[in-house]
Amino acid sequence: MEREIITSTQNPKIKRLVLLQQKSAFRQSEGLFVVEGAREVLHCLHSGYEVDTLFVCPEILQSYEGAAEILTIVHEGCGYAVSPKVYGRIAYREGTEGVVAEMRSKKLTLDDLRLPHNPLVVVLERVEKPGNLGAVLRSADAAATDAVIVCDPLTDLYNPNLIRSSIGAVFTVPTVACTSEECVAFLKKNAIQILTAQLQDSRLYYDTDMQCGTAIVMGTESTGLTNTWREAADAHIRIPMRGQLDSLNVSVSAAILLFEAVRQRAQSGQ
């Protein structure tokens with residue numbers, strides 16, 4: 001690693017990186033976002049994203065089994081070594097193998113989605129917390145979901161907290177942001193049934209056929225779904241609540257509903 005070793009947190013490259021971590025508007029204006037952790041960076045690369053700048057702490061990276069692939073990027077001229085002190089400034093969590101990257105953004109649209117026959121899709125309306133969205137993406141990856149569509153988003157898809165909580169699933173699952181109206185029109189056009197998760201006027205989720213093309217639609221825990229989705233739905237479904245509370249975290253609900261779809265499809269040989 002012959003390139004410059006950065007030892008000061010006041011280095012302009014480090015200052016830019018911190019701004020990218022903190023400011024959504026700056027991420028959008030620069031066309032860049034930040035990924036922390038070797039596993040996440042590799043997921044990002046393998047999903048077709050391009051590195052702009054890579055920051056590596058050699059003392060930490062050397063113990064990681066995937067170090068060779070990361071170091072290749074550095075030697076190709078996209079990277080800098082940083083001291084442990086500097087890495088401590090730019091890393092938000094432990095166990096990230098000494099790697100932080102600035103990646104070039106790309107924006108998927110609904111027209112970019114290439115869905116298979118009988119797709120399984122998750123739709124989230126106005127979900128605000130990046131951690132919740134990241135956790136939903138992890139479940140979506142585990143269930144081999146074909147797409148996640150985020151409607152009227154209140155957080156950008158390259159928020160570092162979202163990327164961290166998804167452990168890279170935001171790159172492994174095609175993820176699109178759009179308006180609710182655009183999403184409804186897309187689902188109707190592609191004959192994908194719309195199942196809205198709601199308490200009112202609903203039936204139990206395991207009594208609902210999810211073997212055809214299906215979009216599972218969820219809103220915020222505080223306000224639920226807007227009328228746009230309630231009126232567009234082909235069916236309203238609910239998870240039975242046996243205790244005193246009437247709702248689950250959106251990421252938990254997503255996991256339950258997605259794996260019911262997986263179960264039904266496995267039974268039918270899909």
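The shown structure was predicted, so the numbers you read here are calculated from the model rather than taken from an experiment.
Taking 4.0 Å as the cut-off between side-chain N and carboxylate O, Asp209 and Arg265 do not count as a salt-bridged pair. Remark: Arg16 engages Glu102 in a salt bridge, criterion side-chain N to carboxylate O under 4.0 Å.
Annotation: Lys15, atom NZ; neighbour count of heavy atoms from other residues, nucleotides and ligands within 6.0 Å does not exceed 12. By the 6.0 Å contact criterion, CZ on Arg89 is open, its count of non-hydrogen atoms from other residues, nucleotides or ligands being 12 or less. Around the CZ atom of Arg126, the shell of radius 6.0 Å holds no more than 12 heavy atoms that belong to other residues, nucleotides or ligands. Around CD of Glu128, the count of heavy atoms belonging to other residues, nucleotides or ligands within 6.0 Å does not exceed 12. Open room surrounds NZ on Lys85; 12 or fewer heavy atoms of other groups in view lie less than 6.0 Å from it.
Sorted by first then second residue, the side chain to side chain donor-acceptor pair (under 3.5 Å) pairs that include residues 250-260, not counting sequence neighbours, are Asn249-Ser251, Glu260-Arg263, Glu260-Gln264. The side chain to side chain donor-acceptor pair (under 3.5 Å) contacts involving residues 234-245 comprise Gln198-His236, where partners must be two or more places apart or lie in separate chains.
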Requested in this report: Begin from the C-alpha positions of Ile6 and Lys13 and carry the test side-chain contact (heavy atoms from CB on, under 4.5 Å) through to its verdict.
Outcome: CA-CA 9 Å; Ile6 299 175; Lys13 296 180 180 65; 4.2 Å; yes
Report task. In sequence, state the C-alpha distance, the side-chain angles, and the governing distance for Val123 and Met218, and then conclude on side-chain contact (heavy atoms from CB on, under 4.5 Å). Result -> CA-CA 6 Å; Val123 177; Met218 290 169 290; over 6 Å; no
Requested in this report: May I have the step-by-step check of side-chain contact (heavy atoms from CB on, under 4.5 Å) for Tyr80 and Val56, ending in yes or no?
Outcome: CA-CA 6 Å; Tyr80 296 89; Val56 171; over 6 Å; no
Query raised in the report: Stepwise, does the side-chain contact (heavy atoms from CB on, under 4.5 Å) test hold for Ile237 with Tyr206?
Result: CA-CA 9 Å; Ile237 59 175; Tyr206 43 73; over 6 Å; no
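Residue Glu36 holds its CD atom at 10.0 Å from CD1 of Ile163, rounded to the nearest 0.5 Å. Between Met210 atom CE and Phe259 atom CZ the span is 13.0 Å, to the nearest 0.5 Å. Atom CD of Glu40 sits about 12.0 Å away from atom CE of Met103, to the nearest 0.5 Å. Taken to the nearest 0.5 Å, the CH2 atom of Trp229 stands 9.5 Å off from the OG1 atom of Thr196. Taken to the nearest 0.5 Å, the NZ atom of Lys106 stands 13.0 Å off from the CG atom of Leu157. From Ile167, atom CD1 reaches atom NE2 of His43 across 6.5 Å, with rounding to the nearest 0.5 Å.
Shortest non-hydrogen contact noted between Pro153 and Ala177 is CG-CB, 4.0 Å. Closest of all the heavy-atom pairs between Cys183 and Cys178 is CB-SG, 3.8 Å. The nearest pair of heavy atoms linking Val51 to Arg104 is O-NH1, 3.2 Å. Across all their heavy atoms, Arg138 and Ser165 have their closest contact at CD-O, 3.0 Å. Between Arg230 and Gln200, the closest heavy-atom pair is NH1-OE1, 3.1 Å. Residues Gly219 and Leu225 come closest through the heavy atom pair N-CD2, 3.4 Å.
No hydrogens or angles considered: a donor-acceptor pair under 3.5 Å links the side chains of Asp152 and Ser180. Under 3.5 Å, the side chains of Ser8 and Asn11 contain no donor-acceptor pair of N or O atoms.
Side-chain atoms of Arg27 come within 3.5 Å of backbone N or O of Leu20 as a donor-acceptor pair. Side-chain atoms of Thr175 come within 3.5 Å of backbone N or O of Val173 as a donor-acceptor pair. The backbone N or O of Val176 sits nowhere less than 3.5 Å from a side-chain atom of Lys107 that would complete a donor-acceptor pair. At distances below 3.5 Å, not a single donor-acceptor pair connects side-chain atoms of Gln21 with backbone N or O atoms of Pro160. Of the possible polar contacts, one joining the Thr214 side chain to the Cys212 backbone as a donor-acceptor pair under 3.5 Å is found. Under a 3.5 Å cut-off, the side chain of Asn159 and the backbone N or O of Asn161 do form a donor-acceptor pair. Checking side-chain atoms of Glu97 against main-chain N and O of Ala38 turns up a donor-acceptor pair under 3.5 Å.
Residues Lys129 and Leu154 have side chains not in contact (no heavy-atom distance under 4.5 Å, counting atoms from C-beta outward). Two residues are said to be in side-chain contact when any heavy atoms from C-beta on lie closer than 4.5 Å; Leu195 and Leu257 fail this criterion. Taking 4.5 Å as the limit, some side-chain heavy atom of Ile14 sits within range of a side-chain heavy atom of Val86. Annotation: side chain of Val82 is not in contact with side chain of Ile5 (no heavy-atom distance under 4.5 Å).
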Which atom pairs, one a donor and one an acceptor, fall under 3.5 Å between side chains of residues 140-150 and the rest of the protein, sequence neighbours left out?
| residue | atom | partner | partner atom | Å |
| --- | --- | --- | --- | --- |
| Asp141 | OD1 | Thr172 | OG1 | 2.6 |
| Thr145 | OG1 | Ala140 | O | 3.0 |
| Asp146 | OD2 | Leu120 | N | 2.8 |

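The aromatic rings of Tyr158 and Phe33 sit parallel to each other, their planes meeting at less than 30°, with 60° as the upper class boundary.
If you run side-chain contact (heavy atoms from CB on, under 4.5 Å) between Phe55 and each of Val34, Val99, Ile90, only Ile90 comes through.
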